[in-house]
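Small disclaimer: the values here were computed from a predicted structure and weren't measured. Here is the naming used below: chain letters follow the sequence lines, and residue numbers restart at 1 for every chain.
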Amino acid sequence: MKLRRTMLYVPGGNAAMVKDAHIYRSDAIMFDLEDSIAVNEKDSARLLVFHALRTLNYEGTETVVRINGLDSPYGRDDIKAMVNAGPDIIRLPKTETAQDIQDVEELIRQEEKAAGLEEGSIALMAAVESPLGILNAYQIATASSRLIGIAFGAEDYVTNMKTSRSRAGSEIFYARSALVTAARAAGIYALDTVFSDLNDEEGFVEEVRMAKQLGFDGKSIISPRQIRPVHDVFAPTEAEVEAALRVMRGIAEAKKRNMGVITVDGKMVDKPMVDRAERIIEMAKASGQRIPEEELHV
Amino acid sequence: MSENAIGREIPDSIPGCEKLKPFQGAFANTPLVRQEKGNRNLPRLNKLLDTVEQAVLKTGLKDGMTISFHHHFRNGDKVVNMVMDVIANLGIKNLTLASSSLTTVHDELLPHIKNGVISRIITSGLRSKLGEHISAGIMDVPVLFHSHGGRARAVETGQIKIDVAFLGVPSSDVYGNANGFTGTSACGSLGYAIVDAKHASRVVLITDNLVEYPNTPFSIDQDLVDHIVVVDSVGDSSRIATGATRLTSNPKDLLIAQNAADVIAYSPYFEDGFSLQTGSGGASLATTRYLSDYMRRRGLTCSWALGGITSQIVKMHQEGLIKRMLDVQSFDLDAVNSIAVNPMHTEIDASYYANPLNKGCAVNKLNVVVLSALEIDTNFNVNVLTGSDGIIMGASGGHSDTAVGSGLSVVVAPLIRGRISSVVDRVLTVVTPGESVDILVTDRGIAINPRRKDLVDYFHGSKLPLYTIQELKERAERVAGTPEPIKFGDRIVGLVEYRDGTIIDVIRNIAD
């Protein structure tokens with residue numbers, strides 16, 4: 001299971017941050033060439049990220065680059081440079097239609113060919129930040145086999161919706177749900193939007209819990225300080241892991257004795273329950289919790 | 001046999017006794033005592049003088065003498081500049097300035113150096129323009145840099161012979177009882193000042209807060225003091241003691257601090273009743289936050305902390321995580337307020353703190369210390385004095401004292417600072433020898449000094465990111481490359497004295 005609980009934004013023009021991004025151990029780092037880069041710095045940021053990806057060892061942290069859209073003067077050059085730089089994922093901002101994805105994919109494919117790289121070596125991610133994008137979420141999510149996830153960007157969305165952000169987030173509730181639903185239907189990852197108030201630690205944890213409850217796989221984050229709280233929320237508790245192990249032991253036992261239906265903790269164990277239990281154990285393993293080897297085989 | 005002043009017959013001498021001096025009158029041989037009993041007017045005897053100039057003259061300060069100051073007022077100090085201006089105006093020259101340290105406010109000494117008022121400096125640290133100019137070579141005689149413990153040793157053994165100590169104090173009475181925790185210029189412990197007061201030939205107190213006699217409890221005893229001058233202000237209170245030393249919010253420093261806490265918590269030194277000292281800046285101080293988490297989780301407490309006491313340490317004490325505090329320098333208002341009222345928070349002087357040649361100093365009893373570094377080399381030698389450009393911009397301080405005295409010395413530093421590796425083949429200036437440095441903790445990995453075979457074995461198999469120091473250096477150089485070496489001239493501008501009085505390194509001038 002690939003963990004994408006945290007995707008740390010790193011302004012691509014900031015050399016100090018670019019070289020250090022991975023030391024904070026987020027699951028993924030996203031070098032930004034788009035909104036955090038001033039117009040007259042677009043080229044130098046592109047070069048910096050290109051050289052960083054080619055020279056530095058990010059020690060297994062997943063690398064993502066947010067390019068400028070194809071509607072900007074920079075998108076094509078970004079794609080050319082980044083295909084050659086070799087991040088794991090290219091992230092497209094402000095995606096509204098499946099065609100947006102396909103256009104980018106075509107350019108990537110051409111560049112891979114030109115550079116002699118294996119086709120499909122770079123994956124894709126799409127950020128959905130507008131009402132139209134939300135309505136087209138499923139089409140976007142299924143637009144390419146390279147697409148491994150979709151992310152929600154609330155700021156632009158809320159502006160488009162002619163409202164403003166609130167702590168409770170009712171104005172983005174539908175968008176969040178729609179995005180996760182689309183991602184699940186397409187079998188890909190869903191990432192929640194950023195939380196900008198770095199000093200509101202309580203509010204941040206609340207929002208992360210809510211995102212997890214809605215089904216998101218993780219969150220885009222803007223500071224290393226936000227990493228640990230997200231990982232803590234997403235980590236299964238010991239109790240959850242124990243309960244999941246009980247389900248798996250129950251299944252193993254049932255198989256041994258050729259029993260059809262079993263109950264564990266007073267609940268009938270059906271397939272969804274087994275799937276959930278497996279996912280919890282996987283998440284626990286991936287988060288570094290120790291699961292005894294014998295428990296893992298059903 | 002002769003008759004004394006009171007009409008008694010006193011022999012001139014008796015075999016087995018010293019030469020006998022006949023009584024000459026109640027006031028004849030004790031000039032400092034009141035000279036007649038008739039005057040009932042207040043105030044009684046006092047050592048007050050009207051101006052600093054009078055005090056300088058009365059001490060008999062002459063060319064070539066040694067004067068001393070303390071640095072408890074940190075960046076708010078006004079005393080050094082004030083006194084030096086007066087001394088310069090009086091035409092006195094070729095003085096040796098022995099200030100326990102010098103800070104960014106002491107750039108004003110440059111004209112006095114250029115004009116020959118000061119011809120030698122003995123101190124723990126130099127910063128700002130003063131450091132830059134001295135690195136450029138404006139002084140004929142090299143500056144002598146000592147550690148805090150080394151200075152106390154030097155003063156006590158007479159290696160530094162202080163002719164006049166000018167000691168700024170936040171409060172004093174008319175007879176010279178002074179303490180550091182009352183008044184608007186309160187600075188807390190007077191640890192460095194006390195050593196000077198005990199050993200200087202003449203002691204002048206300068207205060208902006210004259211209080212009722214006797215000023216108890218006192219840190220400087222009246223019987224050590226010659227003269228007292230009251231001035232408008234001895235320091236800028238907002239820069240002497242800030243409200244509370246804030247914990248850094250810099251994510252990299254916090255990461256380093258977390259790593260350091262992980263190392264300490266894993267080590268065999270992390271046991272109930274251990275003792276702790278941390279530096280006051282950045283990552284070293286932030287280590288207390290994460291160590292506190294571990295201490296709470298495991299139900300451990302510190303029996304005492306040494307410092308450099310900050311509000312962080314005071315808070316840990318108030319929470320019950322630290323029992324007692326020994327304080328040679330109080331860094332913020334919380335620490336000042338604590339030392340004033342709390343019997344578990346005790347002032348100690350610099351000799352008690354770290355003098356290696358007395359009957360036992362505090363650093364000898366220390367379990368764990370967390371220190372910073374500008375540079376560290378592959379032999380674990382540490383530089384806290386000169387920057388990567390070779391210019392003097394730091395202080396020796398308590399670094400070498402605590403490193404060797406402690407059971408576990410942990411040095412924290414970012415692996416790469418700016419565009420330069422902090423781990424090098426050879427540091428520009430050795431302040432603390434590698435033999436006394438146990439573990440380096442960076443944001444990108446941890447290195448244990450191979451001399452500590454016991455620790456290497458102990459940490460083997462832990463999940464901590466352990467590397468050799470060579471490997472850390474290579475990791476840094478893969479990102480930052482290797483810089484051009486600094487070009488030094490051939491003049492020696494600084495001598496770095498180890499705490500025992502031997503010279504551990506020299507600092508050369510920067511070639512133009």
Interface residues of residues 376-391 of chain B facing chain A - heavy atom cut-off under 4.5 Å:
none

Mark yes or no for whether B/Arg451, through its side chain, and B/Gly434, through its backbone, hold a donor-acceptor pair below 3.5 Å.
yes

At what distance, to the nearest 0.5 angstrom, does CD1 of B/Ile392 lie from OG of B/Ser135?
3.5 Å

So CG of B/Leu408 and CZ of B/Phe270: to nearest 0.5 Å the spacing works out to 12.0 Å

Side-chain heavy-atom pair B/Val441, B/Val411 within 4.5 angstrom cut-off
no

Taking B/Ile416, B/Leu254, B/Leu415, B/Leu255 one by one, which has the highest count of heavy-atom pairs under 4.5 Å against chain A?
B/Leu255

For the atom pair OG1 (B/Thr288) and CD1 (B/Ile313), what is the distance rounded to the nearest 0.5 Å?
6.0 Å

Spatial distance of atom CD1 (B/Ile469) from atom CD1 (B/Ile446) [nearest 0.5 Å]:
12.5 Å

To see if you've got the definition right, give the donor-acceptor pairs under 3.5 angstrom between chain B and chain A.
| from | atom 1 | to | atom 2 | distance (Å) |
| --- | --- | --- | --- | --- |
| B/Lys252 | N | A/Tyr24 | OH | 3.4 |
| B/Lys252 | NZ | A/Asp20 | OD2 | 2.5 |
| B/Arg444 | NH2 | A/Lys19 | O | 2.9 |
| B/Arg444 | NH2 | A/Asp20 | OD1 | 2.5 |
| B/Arg475 | NH2 | A/Glu59 | OE2 | 2.3 |

Counting only heavy atoms from other residues, nucleotides and ligands, does the tally under 6.0 Å from CE of A/Met17 exceed 12?
no

In this structure, is the centre-to-centre distance between the rings of B/Phe274 and B/Tyr269 below 6.0 Å?
no

CG of B/Leu333 to OG of B/Ser238: how many Å apart, nearest 0.5 Å?
11.0 Å

Hey, what do you get for OG1 (B/Thr287) to OH (B/Tyr294), rounding to the nearest 0.5 Å?
12.0 Å

Portion of A/Ile23 that has a non-hydrogen atom of chain B nearer than 4.5 angstrom:
both

